[in-house]
Amino acid sequence: MNSMKPEAAKGNTVWVIPDGYIPPQSSGVLESHESICVLNTGRQDANLTITVFFEDRDPLECNVTKVSARRTSHIRTASLQADGEFIPLGVPYALIVESDIPIIVQYSRLDTSQPELALMSVMAYPV
């Protein structure tokens, strides 16, 4: 790799996560949660907007300030908010992650609602 040439950011600017669900209960030491894992390979900060869709209510338009250049960020979906409203526990939802530069998005869920915990991680769908 030639360090004199700027490298273009890798990924896409729009990613879809159609299956979200934060388990309402946890057991044991670990808390059930979900995370959006964002990788910014570019040389400039990525500014994100995350839209949360529900079956029975209007979407939440959440602004996440940035993912720094050539860094990763793990965003807990329970921390997303718009006008003081958060994603409720135990309610199905979907996400669209939009960025002003290409990024890579992965989605992870830790379900500790039973002693035999479950961990799932999948790539988001690039649009």
Side-chain angles (χ1 to χ4, degrees):
M1 176 168 48
N2 183 349
S3 61
M4 300 299 286
K5 239 167 61 172
E7 190 173 329
K10 293 178 176 49
N12 281 56
T13 57
V14 180
W15 294 81
V16 178
I17 301 166
D19 176 33
Y21 179 84
I22 304 170
Q25 297 178 338
S26 298
S27 65
V29 178
L30 299 173
E31 179 183 9
S32 293
H33 68 273
E34 297 186 332
S35 294
I36 303 165
C37 309
V38 179
L39 172 61
N40 178 2
T41 65
R43 298 198 178 273
Q44 69 183 58
D45 294 346
N47 297 297
L48 307 181
T49 299
I50 300 172
T51 305
V52 185
F53 294 89
F54 301 98
E55 294 175 348
D56 61 352
R57 64 189 86 181
D58 290 337
L60 297 177
E61 301 282 342
C62 306
N63 291 317
V64 177
T65 54
K66 70 176 179 177
V67 177
S68 297
R70 302 181 56 77
R71 297 289 186 267
T72 186
S73 179
H74 293 74
I75 304 161
R76 289 242 183 145
T77 59
S79 71
L80 297 173
Q81 66 164 319
D83 299 324
E85 189 176 348
F86 293 86
I87 299 171
L89 301 179
V91 172
Y93 65 91
L95 301 164
I96 293 182
V97 179
E98 297 176 276
S99 174
D100 59 347
I101 65 167
I103 56 172
I104 298 167
V105 177
Q106 180 179 335
Y107 173 73
S108 298
R109 175 185 298 154
L110 176 63
D111 183 346
T112 65
S113 58
Q114 301 177 45
E116 299 79 21
L117 62 86
L119 177 64
M120 172 203 65
S121 190
V122 297
M123 292 302 299
Y125 182 79
V127 178

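Small disclaimer: the values here were computed from a predicted structure and weren't measured.
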Inset, instruction - May I ask you to decide if Val14's main-chain N or O and Asn12's side chain share a donor-acceptor pair within less than 3.5 Å? - result: no
Legend entry - Expected output: side-chain Trp15 to main-chain Ser99 donor-acceptor under 3.5 Å: no
Inset, instruction - Examine Met120 and Val97 and state if one hydrophobic cluster contains both, with Ile, Leu, Val, Met, Phe, Trp and Tyr joined whenever side-chain heavy atoms are less than 4.5 Å apart. - result: yes
Legend entry - Contact summary for Arg43 and Ala69, nearest pair of heavy atoms: C-CB, 3.5 Å
Legend entry - Spatial distance of atom CG (Leu110) from atom OG (Ser26) [nearest 0.5 Å]: 8.0 Å
Legend entry - Pair Thr51-Glu61, side-chain donor/acceptor within less than 3.5 Å: yes
Legend entry - salt_bridge(Arg109, Asp19) N-O dist < 4.0 Å: yes
Legend entry - Over 12 non-hydrogen atoms of neighbours within 6.0 angstrom of CD in Gln81: yes
Inset, instruction - Check whether the side chains of Glu34 and Ser108 place a donor and an acceptor atom closer than 3.5 Å, and report yes or no. - result: no
Legend entry - Any donor-acceptor N/O pair, Asn40 side chain to Val67 backbone, under 3.5 Å: yes
Inset, instruction - Could you point out which residue of Val52, Leu48, Asp83, Leu95 forms a side chain to side chain contact (heavy atoms under 4.5 Å, CB included) with Cys62? - result: Val52
Inset, instruction - Flag the pair Ile103 / Leu39 as yes when at least one side-chain heavy-atom distance between them is below 4.5 Å, and no otherwise. - result: no
Legend entry - ILVMFWY cluster, Val91 and Tyr107 together (side-chain gap under 4.5 Å): yes
Legend entry - Asp100 side chain to Asn47 backbone, donor-acceptor under 3.5 Å: yes
Inset, instruction - Check the hydrophobic clustering (I, L, V, M, F, W, Y; side-chain heavy atoms under 4.5 Å; chains of links allowed) and say if Leu89 and Ile87 are grouped together. - result: yes
Legend entry - Within 6.0 angstrom of Arg57 CZ, more than 12 heavy atoms from elsewhere: yes
Inset, instruction - Applying side-chain contact (heavy atoms from CB on, under 4.5 Å), run through Ile36 and Val38 and close with a yes or a no. - result: CA-CA 6 Å; Ile36 303 165; Val38 179; 3.9 Å; yes
Inset, instruction - Check whether any side-chain heavy atom of Thr13 sits under 4.5 Å from a side-chain heavy atom of Ile101, and report yes or no. - result: no
Inset, instruction - Could you tell me whether the side chain of Pro18 reaches within less than 4.5 Å of the side chain of Phe53, counting heavy atoms only? - result: no
Inset, instruction - Compare all side-chain heavy atoms of Ile75 with those of Leu80 and state whether any distance is below 4.5 angstrom. - result: yes
Inset, instruction - Drop me the distance from Arg76's CZ to Ser35's OG, to the nearest 0.5 angstrom. - result: 5.5 Å
Inset, instruction - Spell out, yes or no, whether Ile96 and Val122 are grouped together once hydrophobic residues are joined by side-chain heavy atoms under 4.5 Å, including indirect joins. - result: no
Inset, instruction - Scan side-chain atoms only and decide if Tyr93 and Thr77 contain a donor-acceptor pair under the 3.5 Å cut-off. - result: yes
Inset, instruction - State, yes or no, whether a side-chain contact exists between Ile17 and Val105 at a heavy-atom distance under 4.5 Å. - result: yes
Inset, instruction - Mind checking the CD-CE spacing from Gln106 to Met123? Nearest 0.5 Å is all I need. - result: 6.0 Å
Inset, instruction - Looking only at non-hydrogen atoms, find the nearest pair between Pro88 and Phe54 and report the distance. - result: CD-CE2, 3.8 Å
